[in-house]
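Notes follow the structure.
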Amino acid sequence: MGDDGAARRPPVLAVSPEALEEAVRVLRGGGLVAFPTETVYGLGADAANPDAVARIFAAKGRPADHPLIVHVASAEAARGWAASFPEPARALAEAFWPGPLTLVLPRSDRVPDAVTGGRATVGLRVPDQPVALALLERFGGGVAAPSANRFGRVSPTTAEHVAADLGERVDLVVDGGPCAVGVESTIVEVDGDRLTVLRTGAVTAEDVAAVTGLPVAATPTGPARAPGMLAAHYAPRARVVLAEAPEAAETVARWVEKGHRVAVLAEVLPEGLPQGAVPLPPVASARDYARVLYQRLRDVDAAGADVVVAVPPEPAGIGLAVRDRLLRASRAH
Ligand code: AMP
Ligand code: MG
């Protein structure tokens with residue numbers, strides 16, 4: 001497939017038993033299937049087939065050393081992909097699977113190097129999405145899947161985002177509607193009794209500590225601990241500028257005065273926005289903020305804005321993950 005692979009649309013099938021059959025057939029044949037999860041859409045390949053996994057990297061334009069998450073239908077299935085499954089991992093799997101939590105564990109012999117970029121560990125997850133679970137159950141194996149976007153673009157939360165971004169680089173897109181969570185999974189590395197949050201998501205470090213009774217090292221938003229978490233992954237074309245609510249209107253005015261087209265993203269739109277500012281539809285809560293974040297960032301580009309001033313949600317629960325993604329996006333330019 002040439003560089004213009006994105007120009008033509010891939011087949012997009014609404015979920016049905018026939019669509020799932022076709023998806024399994026494509027996976028078994030070493031092809032790529034984009035499918036919905038509760039976090040974002042994944043670009044899936046048979047995790048046991050190194051050639052199929054290599055196609056993910058080619059389709060995304062992603063460096064080969066960025067590891068992929070292996071998706072499975074159950075905690076029992078996950079055990080086959082890990083060399084060991086320590087007690088804290090068992091407790092976390094029981095509490096949060098199916099759900100938006102990825103466990104990084106020592107990998108078993110079954111995991112090809114292509115999946116982990118040669119690492120000794122593998123990321124495992126059981127997604128909480130009926131279409132994803134049905135696909136994984138029918139397929140029977142593990143599905144290696146990063147987010148279904150070209151490298152350096154915002155993660156997709158609808159089938160349309162995937163089709164527009166990847167085009168024919170993906171063999172089939174299964175449409176299961178918009179993603180319910182909207183930001184990528186929490187990633188927790190489990191090294192015996194040592195727990196480290198590598199990426200924040202809907203499951204918080206506090207949740208992990210409460211379930212395991214262990215201290216949890218949380219990565220502050222800063223240099224990425226999980227490989228491949230580059231700032232550009234979370235940024236639209238427009239520059240992202242963060243402002244807390246009291247100074248948001250002033251910040252917008254400053255960028256408008258400099259001649260920019262400025263979009264505004266917030267739970268409560270700031271009062272006194274200057275003429276020419278482009279308010280995006282307000283979000284109802286931190287949960288809603290997470291759900292629509294990547295859609296809104298795409299809307300910013302579509303509105304022709306070159307700057308978006310975002311008022312982040314409160315730093316609690318999933319609001320922490322939204323703040324993390326916004327902060328990373330703000331550093332991308
Ligand atoms: P994506 O779903 O596109 O964010 O890609 C999967 C991400 O999971 C990677 O970029 C890594 O940040 C993380 N990941 C997967 N496997 C591992 C692992 N073995 N160790 C650390 N991070 C991992
Ligand atoms: Mg990604």
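As the structure lists them, so they are numbered: ligands from 1, and atoms in each ligand from 1.
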Measure the distances from the heavy atoms of [X] to every atom of ligand 1 and state whether one is below 4.0 angstrom.
X	value
Arg62	yes
Thr116	no
Arg199	yes

Would you call [X] and [Y] a salt bridge, taking side-chain N to carboxylate O under 4.0 Å as the test?
X	Y	value
Glu18	Arg25	no
Glu21	Arg138	yes
Arg291	Asp288	yes
Asp46	Arg55	no

Which of the numbered atoms in ligand 1 are under 4.0 angstrom from any heavy atom belonging to [X]?
X	result
Ile187	8 (O), 13 (C)
Val122	19 (N)
Leu198	21 (C)
Ile69	6 (C), 8 (O), 15 (C)

State whether Ser155 contributes an N/O/S atom found under 2.8 Å from the Mg ion (ligand 2).
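No, Ser155 does not qualify, because none of its backbone or side-chain N, O or S atoms lies under 2.8 Å.
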Nearest non-hydrogen atom to atom 19 (N) of ligand 1 belongs to which of Thr121, Asn149, Leu68?
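Nearest option to atom 19 (N) of ligand 1, by heavy atoms: Thr121.
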Do any nitrogen or oxygen atoms of Ser147 lie less than 3.5 angstrom from nitrogen or oxygen atoms of ligand 1?
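By distance alone, the answer is yes.
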Between Arg125 (side chain) and Ile187 (backbone), is there a donor-acceptor pair under 3.5 Å?
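Here the side-chain-to-backbone pair does not exist.
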Does the side chain of Arg325 come within less than 4.5 Å of Tyr294's, by heavy atoms?
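SC-SC contact between Tyr294 and Arg325 confirmed.
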Over all heavy atoms of both residues, which pair between Thr39 and Pro100 is shortest? Give the atoms and the distance, please.
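In this case the closest contact between Thr39 and Pro100 is CG2-CB, 3.7 Å.
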